[in-house]
J.: 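This is the structure, below, for whatever I ask next.
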Amino acid sequence: MARKAVHPEPHPRPLYRADQVRELDRRTIAAGIEGFALMQRAAAAAWQSLRARWPGVPSLSVFCGGGNNGGDGHVLAALAAAEGLAVQRILLKPIDELSGDARRAADMATAAGVGAESWRAELALEGELIVDALLGTGLGGEVRGEAREAIEAINASVLPVLAIDIPSGLHADTGAVLGTAVRASRTVTFIGDKLGLHTGAAPSCVGELDFRALGVDAEGETDIVPAARLLGPGLIAAWLPPRDRTTHKGDVGHALVLGGAPGFGGAALLAAEACARLGAGKVSLATAPEHVTASLVRRPEVMVHGIRGAGDLDGLAVRADVLVVGPGLGQGSWGQGVLQAALAAERPLVVDADALNLLATRFTGQRREDWVLTPHPGEAARLLGLSAGEIEADRPAAALALQRRYGGVVVLKGAGSLVAGPEGLAVCPYGNPGMASGGMGDALSGILGALLAQGLPLEPAVRLGVLVHALAADMAAREGGERGLLAGDLASCARILVNPTMGEDDAAATR
């Protein structure tokens, strides 16, 4: 029943680790572009980005560190001065202690008439915009000393900030904050986009992201395999073309949602509703008997079955194409029995919520290639025997470790959700703080179940489902705001997203 994409799947933007970008930089220089010329190219791109975002700003405070990131800042300061801006250049390292391209850049700014002063805590910021060129992508340990003081002063100023290449203090590979990090309004990054700019704490630090390749064809270096791919809306049309006019419900799958222990019926119903709205031909819900009436009143299109235990599931699972297990499942005997029956069924699984907790505690050692695990950081920590803090310190590594241990495809939820599967890592850059409310994971499980029921291959279905879930939340937030966004608001928005816009001829035919 698996369906191939009608159009070639779009090639999402590659994301790299810091060491990979440094290697790209090295190869570019070895190919004949002088290092200082590349630095000038980066600074010019940053200057263009600054002028595009803040065209009328009259003055800058440019913070320059002691390395090449600081060198970019020195050159930008020279460019700004040449355009008539008042530039305050603040140094973390004296010019006479600089070397190489960073020293050439600093001398260039001095020759352009830009003054320089060393950072001190009592220094007054004179610019109306801050440029962060303090610490680059090579940072590995916690920010300390004067660099920490400078970052804290930048954040305390509440002025707009342009970060060059990466907000200082943000880990380029993991998106973790190394003690403290600049909270930029915009970040302009070069040569290769960095994984750490899209997950973890990155959404709070990066602001708008402006990627400039600087003429470097990173994907042309085929031996440098991207660390991840960035999901984008083009994936939707690639995998969900318009349906054939003769399609019937038997062609688009049957999903069974298993959950809703006594007192927890809402979670399973949210999953079932999202599953129906995403186009599964038939959706069944197996839940505690006391939830049947409310479920039918809320969503009569769902076939609701009251089950007192796993024995009541006989016959239900074999009629479904995919099982969604976990929403409102509980960890008591009812939930344990239902999960055991789901694991025994020879059907693809979407595993969420308490089903994940039971895998970590009662059903250990499971591994299969036909399931999707969707943990948040706390659940991921239990599955790996770590703390939630350790998960958040390196989200990409955690997602990959989960996939290696449990097989299938893993979604590590959170800001910059990660999808880890046999094809590697993908990152979803969408979503918003309004998703910090109950039931959002249940809606995601239902979306994933619907896409699998319709015959999409496992990994593309999961990537697509995570993308649609986040985009639907963004659409709902635009309509009514982030605060007060409910999981139930996503299903109707997701339905819009997965239906290609009608062309003029199609629209005319419906009049």
J.: Answer whether the closest heavy-atom distance between the side chains of D193 and L209 falls below 4.5 Å.
T.: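 D193 vs L209: side chains touch.
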J.: As an exercise, state the distance from CD of E146 to CG of L134, rounded to the nearest 0.5 Å.
T.: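 One gets 11.0 Å once the value is rounded to the nearest 0.5 Å.
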J.: Are any non-hydrogen side-chain atoms of N69 and I164 less than 4.5 angstrom apart?
T.: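 Yes, side chains in contact.
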J.: Within the side chain of T187, is there an N or O that forms a donor-acceptor pair under 3.5 Å with the backbone of V206?
T.: yes
J.: Let me confirm one number: the CD-OG distance from E392 to S387, rounded to the nearest 0.5 Å.
T.: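 So the gap between those two atoms works out to 10.0 Å.
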J.: Is the number of heavy atoms from other residues, nucleotides or ligands under 6.0 Å of R495 CZ greater than 12?
T.: no
J.: Determine the minimum heavy-atom distance between L425 and P396, stating which atoms define it.
T.: CD2-CB, 3.8 Å
J.: Among V324, V410, L356, L358, which residue meets the side chain to side chain contact (heavy atoms under 4.5 Å, CB included) test with V351?
T.: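 Option passing the side chain to side chain contact (heavy atoms under 4.5 Å, CB included) with V351: L356.
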J.: Mind listing the closest non-hydrogen atom pair of G326 and A355 along with its distance?
T.: CA-CB, 3.7 Å
J.: Ignoring hydrogens and geometry, is there a side-chain-to-backbone donor-acceptor pair from S59 to E128 under 3.5 Å?
T.: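 Between the backbone of E128 and the side chain of S59 there is a qualifying donor-acceptor contact (under 3.5 Å).
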J.: Is there a side-chain contact between C64 and L91 (heavy atoms, below 4.5 Å)?
T.: yes
J.: At their closest point, which heavy atom of A380 faces which heavy atom of L412, and how far apart are they?
T.: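 Reported closest heavy-atom pair: CB-CD1, 3.7 Å.
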J.: Counting distance only, does the side-chain N/O of T28 pair as donor-acceptor with the main-chain N or O of L24 below 3.5 Å?
T.: yes
J.: Is there a donor-acceptor contact under 3.5 Å from the side chain of W371 to the main chain of Y406?
T.: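 Side chain of W371 to backbone of Y406, a donor-acceptor pair under 3.5 Å: yes, one is there.
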J.: Which value, rounded to the nearest 0.5 Å, describes the distance between D442 atom CG and C275 atom SG?
T.: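 Going from the CG atom of D442 to the SG atom of C275 covers 12.5 Å.
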J.: When you look at M39 and D72, which way does the side-chain contact (heavy atoms from CB on, under 4.5 Å) test go after all the steps?
T.: CA-CA 6 Å; M39 179 178 287; D72 295 340; 3.2 Å; yes
J.: Taking the side chain as every heavy atom from C-beta outward, state whether V468 and L451 have any pair of such atoms under 4.5 Å apart.
T.: no
J.: How long is the span from the NE2 atom in H171 to the CG atom in L178, to the nearest 0.5 Å?
T.: 5.5 Å
J.: Give a yes or no answer on whether the side chain of S417 reaches the backbone of G414 with a donor-acceptor pair at less than 3.5 Å.
T.: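 It does hold such a pair.
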J.: CZ/R22 to CD1/I191 distance, rounded to the nearest 0.5 angstrom?
T.: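 Reported to 0.5 Å precision, the distance equals 11.5 Å.
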J.: What heavy-atom pair brings V372 and T374 nearest, and what distance separates the two atoms?
T.: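 The pair with the smallest heavy-atom distance is CG1-CG2, 3.9 Å.
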J.: For the residue pair V177 and C205, establish whether any side-chain heavy-atom pair is separated by less than 4.5 Å.
T.: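 In contact.
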J.: Does the side-chain contact (heavy atoms from CB on, under 4.5 Å) test come out yes or no for M108 and Q40, once each step is laid out?
T.: CA-CA 10 Å; M108 178 180 177; Q40 289 176 294; 3.9 Å; yes
J.: Which heavy atom in S437 sits nearest to a heavy atom in L486, and how many Å separate them?
T.: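 Distance-wise, the nearest heavy atoms are OG-CA, 4.4 Å.
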J.: Determine yes or no for a side-chain-to-main-chain donor-acceptor pair under 3.5 angstrom, with D132 supplying the side chain and S168 the backbone.
T.: yes
J.: Within the side chain of E459, is there an N or O that forms a donor-acceptor pair under 3.5 Å with the backbone of E423?
T.: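 Pair found, side chain donor or acceptor close to backbone of E423.
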J.: Quick one: does R463's side chain get under 4.5 Å of W239's, heavy atoms only?
T.: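 No, every pair of side-chain atoms sits at 4.5 Å or beyond.
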J.: Would you please test R41 and I33 for side-chain contact (heavy atoms from CB on, under 4.5 Å) and show each step?
T.: CA-CA 10 Å; R41 192 181 293 182; I33 297 178; 3.6 Å; yes
J.: Any donor-acceptor pair under 3.5 Å linking the side-chain atoms of T137 with those of K194?
T.: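 Distance-only check fails for K194 and T137.
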J.: Less than 4.5 Å apart, side chain to side chain, heavy atoms only: is that true for V21 and D25?
T.: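 Of all side-chain heavy-atom pairs linking D25 with V21, none is under 4.5 Å.
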J.: Tell me, do V161 and F63 make a side-chain contact under 4.5 Å, heavy atoms counted?
T.: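 No, too far: nothing below the 4.5 Å cut-off.
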J.: Ignoring hydrogens and geometry, is there a side-chain-to-backbone donor-acceptor pair from H469 to M440 under 3.5 Å?
T.: yes
J.: What pairs meet the salt bridge (Lys or Arg N to Asp or Glu O under 4.0 Å) rule with one or both residues in residues 199-215, with sequence neighbours excluded?
T.: R53-E208, R186-E208, R186-D210, D210-R212
J.: Testing L197, T189, V188 one by one against D165 for a side chain to side chain contact (heavy atoms under 4.5 Å, CB included), which residue passes?
T.: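 The option that passes is T189.
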J.: With no hydrogens and no angle check, is any side-chain donor or acceptor of R89 less than 3.5 Å from a backbone partner on V114?
T.: yes
J.: State plainly whether the residues D474 and R478 are in salt-bridge range, i.e. N to O under 4.0 Å.
T.: no
J.: How long is the span from the OH atom in Y430 to the CG atom in L230, to the nearest 0.5 Å?
T.: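 The CG atom of L230 is 6.5 Å from OH of Y430, to the nearest 0.5 Å.
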J.: Would you call R229-E219 a salt bridge at under 4.0 Å N-O?
T.: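 Between E219 and R229 there is a salt bridge, with a charged N closer than 4.0 Å to a carboxylate O.
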J.: Which atoms form the tightest heavy-atom contact between S157 and I130, and what is the distance?
T.: OG-CD1, 3.3 Å
J.: For the pair R395 (side chain) and G416 (backbone), establish whether a donor and an acceptor sit closer than 3.5 Å, ignoring hydrogens and angles.
T.: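 Present.
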J.: Under the criterion side-chain contact (heavy atoms from CB on, under 4.5 Å), I'd like the reasoning laid out for Q88 against L123: C-alpha separation, chi angles, the key distance, then a yes or no.
T.: CA-CA 11 Å; Q88 177 189 27; L123 186 67; 4.2 Å; yes
